[in-house]
Amino acid sequence: MTQHQLTGESQPPFRLALLLLPRSFRIEVTDTRPERLPSRTAPPSADETSGRGLLLVQAYADRWGCDIRDAYTKTVWAEVCRPDEAPEE
């Protein structure tokens with residue numbers, strides 16, 4: 001989302017959902033770009049000015065992933081365990 005704001009590109013519609021689950025908090029971002037899947041690649045070089053969003057998610061989340069439920073949308077999600085719960089395997 002930030003990259004679109006920085007470059008002035010038109011931003012596709014998205015939905016943000018914050019969920020309180022029994023053992024964790026879940027953040028979901030759904031957009032209309034199912035062809036653009038997140039990747040678990042190496043960090044960008046130190047002189048790059050973008051490309052760290054998912055690295056931050058990976059660093060702070062106990063679990064994260066991406067779901068494609070139909071041909072038109074994808075949902076990238078992250079879960080953070082509640083302080084009184086241990087991470088689920």
Side-chain angles (χ1 to χ4, degrees):
M1 290 185 287
T2 302
Q3 185 64 26
H4 289 288
Q5 294 165 347
L6 292 174
T7 63
E9 297 175 30
S10 63
Q11 186 171 353
F14 69 92
R15 178 182 62 103
L16 174 67
L18 306 172
L19 306 163
L20 177 59
L21 303 176
R23 294 183 174 194
S24 63
F25 301 100
R26 184 175 175 113
I27 302 104
E28 297 180 347
V29 178
T30 301
D31 68 25
T32 57
R33 301 290 302 267
E35 73 280 1
R36 295 195 60 187
L37 298 176
S39 63
R40 298 171 193 252
T41 59
S45 64
D47 59 342
E48 292 291 327
T49 59
S50 65
R52 291 174 181 79
L54 285 176
L55 292 174
L56 292 170
V57 170
Q58 187 173 348
Y60 288 102
D62 293 301
R63 297 179 347 126
W64 75 274
C66 181
D67 297 329
I68 297 176
R69 297 185 180 116
D70 59 43
Y72 307 103
T73 62
K74 76 168 178 297
T75 300
V76 178
W77 56 268
E79 292 183 0
V80 178
C81 290
R82 294 171 62 173
D84 54 336
E85 297 291 336
E88 293 180 11
E89 294 297 321

Task: With sequence neighbours excluded, residues passing side chain to side chain donor-acceptor pair (under 3.5 Å) with T30 - done: R15, T75
Task: Those residues that, when tested against R52, pass side chain to side chain donor-acceptor pair (under 3.5 Å) (two or more places apart) - done: none
- [ ] Treating Ile, Leu, Val, Met, Phe, Trp and Tyr as nodes and any side-chain heavy-atom pair under 4.5 angstrom as an edge, say whether L20 and L16 lie in one connected cluster.
- [x] no
Open item on the list: Between V76 and V57, is there shared hydrophobic-cluster membership here, with clusters defined by ILVMFWY side-chain heavy atoms closer than 4.5 Å?
Closed with: yes
Task: Sequence-distant partners of D70, side chain to side chain contact (heavy atoms under 4.5 Å, CB included), two or more places apart - done: Y72, T73
- [ ] Please identify each residue that fulfils side chain to side chain contact (heavy atoms under 4.5 Å, CB included) with L56, with sequence neighbours left out.
- [x] Y60
Task: ILVMFWY cluster membership beyond L37 - transitive side-chain contacts under 4.5 angstrom - done: I68
TODO: Please go through L21's hydrophobic cluster and name the other residues, only I, L, V, M, F, W, Y counting, with side-chain heavy atoms under 4.5 Å joining them.
DONE: L19
Task: Where A71 and P34 come nearest, the two heavy atoms and their spacing - done: O-CG, 3.4 Å
Task: Nearest non-hydrogen partners of C81 and S24, listed with the distance - done: CA-CB, 3.9 Å
Open item on the list: Under a 3.5 Å distance rule, please check whether R82 uses its side chain to pair with a backbone N or O of P22 as donor and acceptor.
Closed with: yes
At what distance, to the nearest 0.5 angstrom, does [atom1] of [X] lie from [atom2] of [Y]?
| X | Y | atom1 | atom2 | answer |
| --- | --- | --- | --- | --- |
| F25 | I27 | CZ | CD1 | 9.0 Å |
| R63 | Q58 | CZ | CD | 14.0 Å |
| R36 | C66 | CZ | SG | 12.0 Å |

TODO: Taking the side chain as every heavy atom from C-beta outward, state whether W64 and L54 have any atom pair closer than 4.5 Å.
DONE: yes
TODO: Considering only NZ, NE, NH1 and NH2 on the basic side and carboxylate oxygens on the acidic side, decide whether K74 and D67 come within less than 4.0 Å.
DONE: no
